[in-house]
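Some notes on the structure that comes next.
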Amino acid sequence: MKAVSTGLGRPIGGQSPAISMGIVRLGVNVPNFGPGTRPDVLLRWAQTAEGLGFDLLMLSDHIAVTPDVAEQYPAPFYEPFTTLSWLAGRTRGIGLGTTVLIMPYRHPLLVARMAANLNDLSGGRLVLGVGVGWARQEFAALGVPFAERGRLTDEYLDTIRAAWADDADYRGGASIPLWVGGNSDAGLRRAVRLGGAWHPLSFTMPWLRAALARLRQEAADRQRPVPELAPRIVLRLTQEPVTTQDRLAGEGTLGQVAGDLEELAGLGARTVLLDPFGGDPEETRHPEVAWQALATVIAHVRST
């Protein structure tokens with residue numbers, strides 16, 4: 001594994017027990033927005049993630065940075081397909097993906113074409129995570145009816161799948177893993193219906209256990225396979241244990257995070273995406289802090 005300097009000192013989060021991760025792959029949610037984000041920083045993120053040995057890097061999606069978007073994801077915002085295409089040419093083999101692409105924002109045949117081309121040109125490295133979206137003002141700016149976002153997502157995903165069936169035209173599209181994002185019951189149903197992985201975002205472990213029971217029941221009711229679990233969790237390492245009932249998966253000491261990863265593996269996750277962005281846009285000016293946390297976790301995982 002190539003060594004990468006994070007610019008910080010010793011690993012953080014204290015000691016932890018060994019974890020048995022099996023064949024779980026680890027990915028990184030790279031912030032493609034905020035005042036500190038520039039092309040050179042995005043490239044350093046990608047090279048750091050790949051150099052540390054992560055399997056996957058993923059970007060989020062917005063098109064119009066309306067006030068509701070800017071509260072959480074301020075400008076500049078780098079569009080994911082454009083950015084991933086550039087990073088594909090600057091990295092060697094790390095997976096590339098979206099967490100999540102907001103389906104109602106683009107014509108489905110455009111998405112089908114861009115995704116298939118990116119997957120083909122990158123040597124089969126794309127994972128397409130999709131979701132329905134949440135920013136009402138952004139929907140309005142794009143002229144997309146917010147109330148119809150669920151129906152549009154279902155319709156567009158069917159259109160994309162149909163387009164990808166023509167491999168002579170959409171070469172490589174049919175092989176793209178599809179991750180269905182969303183923590184709602186509608187998201188669970190969508191994952192079961194489409195047969196892609198379920199991609200829940202930022203949750204507590206008790207909530208996930210209950211949601212997986214609902215997912216299995218939905219699959220049984222529809223006589224469909226249970227979707228693969230591909231979660232995105234926060235990464236917030238602390239020196240002292242977090243003991244509150246609302247502790248998110250990935251939050252706490254290295255031992256707590258290691259325990260979360262082990263439990264996710266036991267629940268069937270084959271890929272876990274780590275999101276080190278804590279919510280303050282000023283963090284994007286100091287990515288070394290996130291890189292140190294990522295280095296701490298992956299060094300522990302790879303040593304066990």
Side-chain angles (χ1 to χ4, degrees), residues 24-25 27 29 55-62 80-81 84 95-112 114-116 118-119 125-135 139 144 146 148-165 170 173-203 207-233 249 264 267-275:
V24 172
R25 301 165 71 239
N29 184 21
D55 302 290
L56 177 67
L57 71 85
M58 304 187 87
L59 306 179
S60 55
D61 179 36
H62 286 286
F81 276 119
L84 289 171
L96 309 163
T98 54
T99 177
V100 290
L101 192 79
I102 303 173
M103 282 308 305
Y105 285 177
R106 301 168 180 83
H107 194 286
L109 292 179
L110 175 63
V111 174
M114 290 192 297
L118 175 53
N119 191 53
R125 288 196 270 161
L126 184 65
V127 174
L128 189 65
V130 300
V132 301
W134 56 270
F139 272 83
V144 179
F146 183 81
E148 297 294 316
R149 67 194 188 283
R151 179 188 64 79
L152 290 171
T153 295
D154 290 338
E155 177 184 314
Y156 287 8
L157 287 171
D158 287 342
T159 299
I160 290 168
R161 281 275 181 84
W164 284 349
Y170 295 86
S175 65
I176 297 173
L178 188 66
W179 291 5
V180 179
N183 294 12
S184 68
D185 285 345
L188 300 181
R189 292 192 294 270
R190 187 170 293 114
V192 170
R193 185 181 71 82
L194 289 170
W198 179 45
H199 184 46
L201 316 173
S202 186
F203 48 80
W207 177 89
L208 181 66
R209 295 182 209 110
L212 284 172
R214 297 197 302 276
L215 182 72
R216 289 189 290 268
Q217 185 60 55
E218 181 70 24
D221 291 346
R222 291 176 175 260
Q223 297 184 319
R224 300 277 296 174
V226 178
E228 179 183 324
L229 175 63
R232 187 179 93 195
I233 66 173
L264 289 168
L267 290 171
R270 291 293 169 262
T271 304
V272 178
L273 189 69
L274 304 179
D275 183 0

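We count residues from 1, following the sequence as given. Values below: all heavy atoms of this structure, side chains included; hydrogens, waters and symmetry mates excluded.
- Judged by distance alone, with hydrogens and angles left aside, the side-chain atoms of Asn183 form a donor-acceptor pair with the main-chain N or O of Leu201 at under 3.5 Å.
- When side chains are defined from C-beta on, Trp179 counts as touching Val127, because their heavy atoms get closer than 4.5 Å.
- Distance check, rounded to the nearest 0.5 Å: CG of Leu178 to CD1 of Ile160 gives 8.0 Å.
- Residue Ser175 comes nearest to Asn119 through the heavy atom pair OG-ND2, 3.3 Å, listed as atom of the first residue, atom of the second, then distance.
- Applying the ring-ring contact (aromatic ring centres under 6.0 Å, His included) rule to Phe139 yields the partners Tyr105, Phe146; only residues at least two apart in sequence or on another chain are considered.
- Looking only at distances, a side-chain donor or acceptor of Trp198 sits under 3.5 Å from a matching main-chain atom of Gly182.
- For the pair Arg106 and Ile102, the tightest heavy-atom approach, listed with the atom from each and the gap, is NH1-O, 4.0 Å.
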Report task. Step by step, work out the side chain to side chain contact (heavy atoms under 4.5 Å, CB included) result for Arg190 and Val130. Result -> CA-CA 11 Å; Arg190 187 170 293 114; Val130 300; 6.0 Å; no

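- What you find for Phe81 and Met114 is that their closest heavy atoms are CD1-CE, 3.4 Å.
- Side-chain atoms of Arg149 come within 3.5 Å of backbone N or O of Gly133 as a donor-acceptor pair.
- At a threshold of 4.5 Å between non-hydrogen side-chain atoms, the residues Pro231 and Leu264 count as touching.
- Here Thr99 pairs with His199, Arg232 under the side chain to side chain donor-acceptor pair (under 3.5 Å) rule; sequence neighbours left out.
- Listed here is the closest heavy atom pair of Pro200 and Leu208: CG-CD1, 4.1 Å.
- Sorted by first and then second residue, the salt bridge (charged side-chain N to carboxylate O under 4.0 Å, His left out) pairs with a member in residues 180-189 read Asp185-Arg214; sequence neighbours excluded.
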Query - Residues Asp158, Leu194; criterion side chain to side chain contact (heavy atoms under 4.5 Å, CB included); working and verdict - result: CA-CA 8 Å; Asp158 287 342; Leu194 289 170; 4.0 Å; yes

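- Between Leu157 and Arg161, every side-chain heavy-atom pair lies at or beyond the 4.5 Å cut-off.
- With sequence neighbours excluded, the residues that form a side chain to side chain donor-acceptor pair (under 3.5 Å) with Ser60 are Asn32.
- In terms of modelled atom types and a separation under 3.5 Å, the side chain of Thr98 and the main chain of Leu128 share no donor-acceptor contact.
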Query raised in the report: Could you walk me through whether Leu84 and Leu59 pass the side chain to side chain contact (heavy atoms under 4.5 Å, CB included) check?
Result: CA-CA 8 Å; Leu84 289 171; Leu59 306 179; 3.8 Å; yes

Report task. Could you walk me through whether Glu218 and Leu188 pass the side chain to side chain contact (heavy atoms under 4.5 Å, CB included) test, one step at a time? Result -> CA-CA 8 Å; Glu218 181 70 24; Leu188 300 181; 5.5 Å; no

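- Contacts of Glu228 classified as salt bridge (Lys or Arg N to Asp or Glu O under 4.0 Å), with partners at least two apart in sequence or in another chain: none.
- The two atoms that bring Leu273 and Asn29 nearest to each other are CD1-N, 3.7 Å, heavy atoms only.
- Note: Arg125 CZ to Ile176 CD1 = 13.5 Å, rounded to the nearest 0.5 Å.
- Residues that satisfy the side-chain contact (heavy atoms from CB on, under 4.5 Å) test with Ala249, not counting sequence neighbours, are Phe203, Met205, Ile233, Asp260.
- Listed for the Trp164 side chain is a donor-acceptor partner under 3.5 Å among the backbone atoms of Ala112.
- The heavy-atom pair separating Arg224 from Val192 by the smallest distance is NE-O, 3.4 Å.
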